[in-house]
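Data block below; observations after.
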Amino acid sequence: MEGRLLRIVRVIADYQFGKGAGKALFPETCKFVLSSKGKIRQIKDGGVRIATLKADTGLLTLSIEGAKRLHRTFEYPKLRVVVLKEVSSFISKGRNVFAKHVIDVDKSIRANDEVLVVDEDDRLLATGKAILGAKEMLEFERGVAVMVRKGIS
């Protein structure tokens, strides 16, 4: 059972984040929190939540631990939204990213993608959901670019 569940979440992660994400996020030691109907809800490793499988989309949302694992696995700029150093302390506390603060972004990011928010030195600040696509994040001067789920501090 656990092996089957592990294969499922690894395939979803590879689809959502790119080849290799499944193994990076979910080692063999993962445990699963299931709904009353037996559906996967959360994936934990060593008691720490790595990701949640959203029932409405069938996609993963990342915890900070999950974001750290992807950050280590994928080289810059994959999955990243880069913000100005001046706002990094606010973002790391869980504040949303505004378009005017975005200075670089993975060109393949689309609205609603799960993203890693980093500073100019590629230090992980937060994880969240892109509200805008990559092009809009760089062109817009107003509005929220990323709804931050969790900051690193």
Side-chain angles (χ1 to χ4, degrees), residues 1-83 88 91-97 99 102-138 143-153:
M1 176 74 161
E2 293 276 317
R4 188 177 71 81
L5 298 177
L6 186 61
R7 280 194 306 278
I8 290 169
V9 294
R10 281 180 173 174
V11 166
I12 293 168
D14 283 351
Y15 165 77
Q16 188 175 348
F17 302 113
K19 191 166 169 52
K23 279 208 162 111
L25 282 171
F26 309 122
E28 299 288 331
T29 53
C30 281
K31 300 286 180 223
F32 298 88
V33 176
L34 304 177
S35 70
S36 58
K37 294 182 178 170
K39 304 272 187 212
I40 302 167
R41 286 297 160 249
Q42 293 185 0
I43 305 96
K44 296 183 174 187
D45 187 24
V48 178
R49 184 176 72 87
I50 306 301
T52 300
L53 190 61
K54 293 191 55 160
D56 58 344
T57 62
L59 296 175
L60 299 162
T61 61
L62 296 170
S63 69
I64 281 297
E65 179 57 33
K68 285 177 183 174
R69 291 176 184 203
L70 288 180
H71 186 260
R72 284 191 303 262
T73 302
F74 293 117
E75 291 189 15
Y76 177 89
K78 184 141 176 76
L79 304 173
R80 290 163 173 80
V81 175
V82 184
V83 297
S88 56
I91 306 300
S92 69
K93 290 178 183 139
R95 299 307 252 257
N96 290 333
V97 175
V102 176
I103 56 171
D104 195 16
V105 63
D106 175 350
K107 304 295 184 255
S108 67
I109 289 175
R110 298 175 310 215
N112 294 320
D113 282 355
E114 281 291 307
V115 297
L116 310 177
V117 182
V118 298
D119 67 11
E120 296 170 57
D121 298 322
D122 196 32
R123 280 191 291 262
L124 183 66
L125 302 173
T127 179
K129 180 174 104 172
I131 301 301
L132 302 172
K135 188 174 182 208
E136 291 79 17
M137 282 187 206
L138 294 171
V144 175
V146 178
M147 287 283 264
V148 170
R149 288 188 198 285
K150 190 80 176 140
I152 201 113
S153 42

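Worth saying up front: this structure is predicted, and the values here are computed from it rather than measured. Excluded from the calculations below are hydrogen atoms, water molecules and symmetry mates; all remaining heavy atoms, backbone and side chain alike, are included. In this chain, numbering begins with 1 at the start of the sequence shown.
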> Excluding sequence neighbours, so at least two apart, what forms side chain to side chain donor-acceptor pair (under 3.5 Å) with S108?
Replying inline: D106

> Does E75 have any side-chain contact (heavy atoms from CB on, under 4.5 Å) partners at least two apart in sequence or in another chain, and if so, which?
Replying inline: none

> Please, which pairs that meet salt bridge (Lys or Arg N to Asp or Glu O under 4.0 Å) have at least one residue in residues 122-138, sequence neighbours excluded?
Replying inline: R80-D122, D119-R123, D121-R123

>> For S88, give me all partners under side chain to side chain donor-acceptor pair (under 3.5 Å), at least two apart in sequence or on another chain.
In response: none

> Which pair of heavy atoms, one from G58 and one from L53, lies closest together, and at what distance?
Replying inline: O-CD1, 3.4 Å

> In chain order, what residues pass the side-chain contact (heavy atoms from CB on, under 4.5 Å) check against T57, with sequence neighbours excluded?
Replying inline: K54, L59

>> If the condition is side chain to side chain donor-acceptor pair (under 3.5 Å), which residues does T73 pass it with, not counting sequence neighbours?
In response: none

> Does some side-chain heavy atom of V9 sit less than 4.5 Å from a side-chain heavy atom of F32?
Replying inline: yes

> Where the side chain of R10 meets the backbone of F26, is there a donor-acceptor pair that is under 3.5 Å apart?
Replying inline: yes

Considering only distance and modelled atom types, tabulate donor-acceptor pairs under 3.5 Å from the side chains of residues 14-25, sequence neighbours left out.
unit_1 : atom_1 : unit_2 : atom_2 : d
D14    : OD1    : G20    : N      : 3.2
D14    : OD1    : A21    : N      : 3.1
D14    : OD1    : G22    : N      : 2.7
Q16    : OE1    : L60    : N      : 2.8
Q16    : NE2    : L60    : O      : 2.9

>> I need the minimum non-hydrogen distance between T52 and R49, along with the two atoms involved.
In response: OG1-NH1, 2.8 Å

>> Quick test of your reading: applying salt bridge (Lys or Arg N to Asp or Glu O under 4.0 Å), list the pairs with at least one residue in residues 29-46, sequence neighbours left out, ordered by first then second residue.
In response: D45-R69

>> side-chain contact (heavy atoms from CB on, under 4.5 Å), that's the test. Do T127 and V148 meet it? Break it down for me.
In response: CA-CA 6 Å; T127 179; V148 170; over 6 Å; no

>> For a quick test of reading the model, state the closest non-hydrogen atom pair linking L6 to C30 and the distance between them.
In response: CD1-CB, 4.4 Å

> Is T61 close to K150 at the side-chain level, that is, under 4.5 Å between some pair of heavy atoms?
Replying inline: no

>> Just to verify, what does S63 make a side chain to side chain donor-acceptor pair (under 3.5 Å) with, not counting sequence neighbours?
In response: none

>> Can you tell me how far apart CG (L125) and CZ (R95) are? Round to the nearest 0.5 Å.
In response: 14.5 Å

>> List the residues meeting side-chain contact (heavy atoms from CB on, under 4.5 Å) with A145, not counting sequence neighbours, and say none if there are none.
In response: V97, A99, V102, L132, M137

> Closest heavy-atom contact between G151 and A126?
Replying inline: CA-CB, 3.9 Å

>> With a 4.5 Å cut-off on side-chain heavy atoms, are I91 and V146 touching?
In response: no

> Is there a donor-acceptor pair closer than 3.5 Å between any side-chain N or O of S92 and the backbone N or O of S153?
Replying inline: no

> Is the closest side-chain heavy-atom distance between V115 and L79 below 4.5 Å?
Replying inline: no

